[in-house]
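Chain A is the first sequence line, chain B the second, and so forth, proteins listed ahead of strands; every chain is numbered from 1.
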Protein chains: 2
Amino acid sequence: MQSRTPASRTGRPRSVAADAAILAATRAALVELGCSKLTLGDVATRAGVAKTTLYRRWAGKNELVVDAVAELFDELRLPDRGSLAADIEGVVLQFAAILARPEAKSGLMAVVAESTRDEALRERIRTSIVDRQKRLVLEGRARAQARGELPPETDPAESARTVDLIFDVVAGAVVHRTLVSAEPADEEWVRSFTRVLLLGLTPQP
Amino acid sequence: MQSRTPASRTGRPRSVAADAAILAATRAALVELGCSKLTLGDVATRAGVAKTTLYRRWAGKNELVVDAVAELFDELRLPDRGSLAADIEGVVLQFAAILARPEAKSGLMAVVAESTRDEALRERIRTSIVDRQKRLVLEGRARAQARGELPPETDPAESARTVDLIFDVVAGAVVHRTLVSAEPADEEWVRSFTRVLLLGLTPQP
DNA sequence: AGCTTTCGCTACGAGTCGTAGCGTAATGCC
DNA sequence: GGCATTACGCTACGACTCGTAGCGAAAGCT
């Protein structure tokens with residue numbers, strides 16, 4: 001998770017239970033204090049480990065929060081609901097449910113803000129959070145193409161750009177709705193959003 | 001800006017030059033240090049004022065950053081380009097240009113993250129930044145309706161929900177593209193985005 | 001056994017925070 | 001001009017967090 005274990009066959013192994021306790025304590029601290037007022041000393045106390053153990057495993061607060069928040073997105077799935085619209089609505093509702101949790105709100109945006117000045121942190125966010133979400137877009141499009149709801153891809157480069165565009169639109173809309181507008185992305189909103197995404201603003205004859 | 005001056009006719013007035021210097025110094029510090037490593041003492045030194053002056057005018061770092069970033073969005077305009085698509089592309093490009101600046105990237109997302117646990121801060125962001133952006137959406141829709149590109153509004157409540165939806169989609173997509181995907185929202189991307197927003201994903205005959 | 005790595009604990013200097021206190025400067029009112 | 005009122009610059013302060021160093025003990029492997 002937080003660091004590779006390439007060649008350390010000997011010696012006392014790192015406690016995996018401590019890892020889970022630390023990440024859970026981090027989420028609890030995010031809920032109670034938020035990301036800015038979260039201190040590593042407090043997390044260590046909550047997790048029942050020494051503060052030095054935290055610094056031995058993570059480079060700093062940002063990396064710790066990324067790993068703690070990333071686990072929230074493990075539950076994201078894309079069940080086949082029979083149509084592109086239903087698939088979109090289903091996965092967007094799941095994404096919204098995760099973002100509605102206070103530890104995700106406070107933690108995720110804070111580390112994204114930090115990542116604008118930290119290339120390594122942005123890469124960590126990308127591999128452990130963003131790419132996992134983007135895979136759902138790829139999967140959903142493949143299903144829609146198999147159903148004939150979307151045309152098959154022609155140019156692979158153009159196809160990749162489209163996937164990136166869709167991903168930014170979907171994830172960005174949900175994030176903006178939840179965090180900036182601070183209103184719930186409930187079923188009614190998701191239905192309206194899906195309709196606009198599939199059919200566009202201008203009504204078709 | 002940061003506080004009302006309701007009934008203080010007597011006494012030495014607050015220096016408006018200091019206000020401008022402080023906000024400019026805040027933006028400079030955002031560029032060099034980012035929001036998390038920005039300290040009020042450093043801002044005071046850059047602005048040439050005492051640290052206590054900062055604390056007399058702003059409640060804390062978050063409020064100061066909001067005011068400093070809000071000024072960046074003053075230049076947002078909605079020139080009439082003749083069509084809804086052209087209007088959208090124009091304003092989105094402006095919005096993307098502002099978000100591309102490092103002081104906006106680092107500062108805006110950080111205070112949005114903080115606002116998830118601070119209702120007063122969220123209200124401050126809404127009135128000084130978000131509402132000003134949303135007004136452009138209202139104006140653009142009115143023009144499109146006058147041109148006949150969009151149907152006139154029927155239910156005012158439904159109309160308000162649609163405006164909120166469009167705003168979350170547009171602003172969210174640009175923010176996500178710029179900050180999370182960390183790629184430029186250039187003209188090509190904006191054209192593709194506008195096409196999807198107006199026509200939808202599923203191709204129409 | 002012996003070796004290696006991790007863990008818990010304590011202590012430390014450095015830095016920031018937000019505030020209090022004081023004397024001075026700049027305005028409005030009489 | 002004199003007075004009250006408010007803002008300003010400056011200094012100093014306790015409290016807190018940070019990240020690290022050092023040490024002895026614990027837990028694994030061969």
Side-chain angles (χ1 to χ4, degrees), chain A residues 1-26 29-30 32-65 106 110-111 114 117-118 120-121, chain B residues 1-26 29-30 32-65 67 110-111 114 117-118 120-121:
Chain A
M1 183 77 67
Q2 71 281 10
S3 66
R4 314 286 179 258
T5 58
S8 69
R9 296 224 159 271
T10 177
R12 176 176 176 176
R14 285 188 171 175
S15 165
V16 288
D19 258 28
I22 291 170
L23 293 178
T26 303
L30 279 175
E32 289 185 26
L33 306 172
C35 195
S36 63
K37 294 181 181 175
L38 178 147
T39 69
L40 293 193
D42 180 54
V43 171
T45 303
R46 290 171 188 262
V49 301
K51 189 175 63 164
T52 45
T53 299
L54 277 178
Y55 282 100
R56 291 189 185 106
R57 303 192 182 193
W58 282 276
K61 185 206 289 188
N62 294 328
E63 290 76 8
L64 175 63
V65 171
S106 177
V111 294
E114 285 306 303
R117 318 200 89 256
D118 186 339
L121 184 63
Chain B
M1 184 76 68
Q2 72 281 9
S3 66
R4 316 286 179 259
T5 58
S8 67
R9 296 223 160 269
T10 177
R12 176 176 175 177
R14 286 188 171 174
S15 165
V16 289
D19 258 28
I22 290 171
L23 293 178
T26 303
L30 279 175
E32 289 186 24
L33 306 172
C35 194
S36 63
K37 294 181 181 176
L38 177 149
T39 69
L40 292 194
D42 180 54
V43 171
T45 304
R46 290 171 188 262
V49 301
K51 189 175 63 164
T52 46
T53 299
L54 277 178
Y55 283 101
R56 290 188 185 106
R57 302 192 183 194
W58 282 275
K61 185 206 289 189
N62 293 329
E63 289 77 7
L64 174 63
V65 171
D67 288 355
V111 294
E114 285 305 302
R117 320 200 89 256
D118 187 338
L121 184 64

What nitrogen or oxygen pairs link the protein and nucleotides 26-30 of chain D at under 3.5 Å?
from: dA26(D); atom 1: N3; to: R12(A); atom 2: NH1; distance (Å): 3.1
from: dA27(D); atom 1: O4'; to: R12(A); atom 2: NE; distance (Å): 3.4

Using atom [atom1] of [X] as one end and atom [atom2] of [N] as the other, report the distance to the nearest whole Å.
| X | N | atom1 | atom2 | answer |
| --- | --- | --- | --- | --- |
| K37(B) | dG19(D) | NZ | P | 10 Å |
| Y55(A) | dC9(C) | OH | C1' | 16 Å |
| W58(A) | dG19(D) | CH2 | C1' | 17 Å |
| R14(A) | dT4(C) | CZ | C1' | 14 Å |
| L40(B) | dG15(C) | CG | P | 18 Å |
| L54(A) | dT17(D) | CG | P | 15 Å |
| D19(B) | dA7(D) | CG | C1' | 12 Å |
| L38(B) | dG18(C) | CG | P | 12 Å |

Classify the nucleic acid contact of T52(A) as base, sugar-phosphate or nothing, counting any heavy atom under 4.0 Å across all strands shown.
->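 If one applies the 4.0 Å heavy-atom cut-off, T52(A) turns out to touch a base.
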
Result for 5'-nearest mapping on DNA chain C, choosing between G41(B) and A18(A), is A18(A)

Note: for G48(A) and G60(B) on DNA chain C, the residue whose nearest nucleotide lies more 5' is G48(A)

Interatomic spacing from [atom1] in [X] to [atom2] in [Y] - rounded to 0.5 Å:
| X | Y | atom1 | atom2 | value |
| --- | --- | --- | --- | --- |
| E114(A) | E63(A) | CD | CD | 10.0 Å |
| L64(A) | T26(A) | CG | OG1 | 3.5 Å |
| K61(B) | L54(B) | NZ | CG | 12.5 Å |
| T39(A) | K51(A) | OG1 | NZ | 8.5 Å |

Is there side-chain contact between L40(B) and W58(B), with at least one heavy-atom pair below 4.5 Å?
->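 The answer is no; the side chains never approach within 4.5 Å.
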
Do R56(A) and T53(A) have side chains that get closer than 4.5 Å, going by heavy atoms?
-> yes

Closest to the 5' end of DNA chain D, once R56(A) and K51(A) are matched to their nearest nucleotides, is K51(A)

Is the backbone N or O of C35(A) less than 3.5 Å from a side-chain atom of S106(A), with the two atoms forming a donor-acceptor pair by type?
-> yes

Measure from the side chain of T39(A), starting at C-beta and using heavy atoms only, and say which of dT17(D), dG8(C), dT20(D) lies closest.
->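 Selected nucleotide: dT17(D).
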
Could you work out which one of dG9(D), dG8(C), dG18(C) sits closest to the side chain of A50(B)?
->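 Closest of the options to the side chain of A50(B): dG9(D).
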
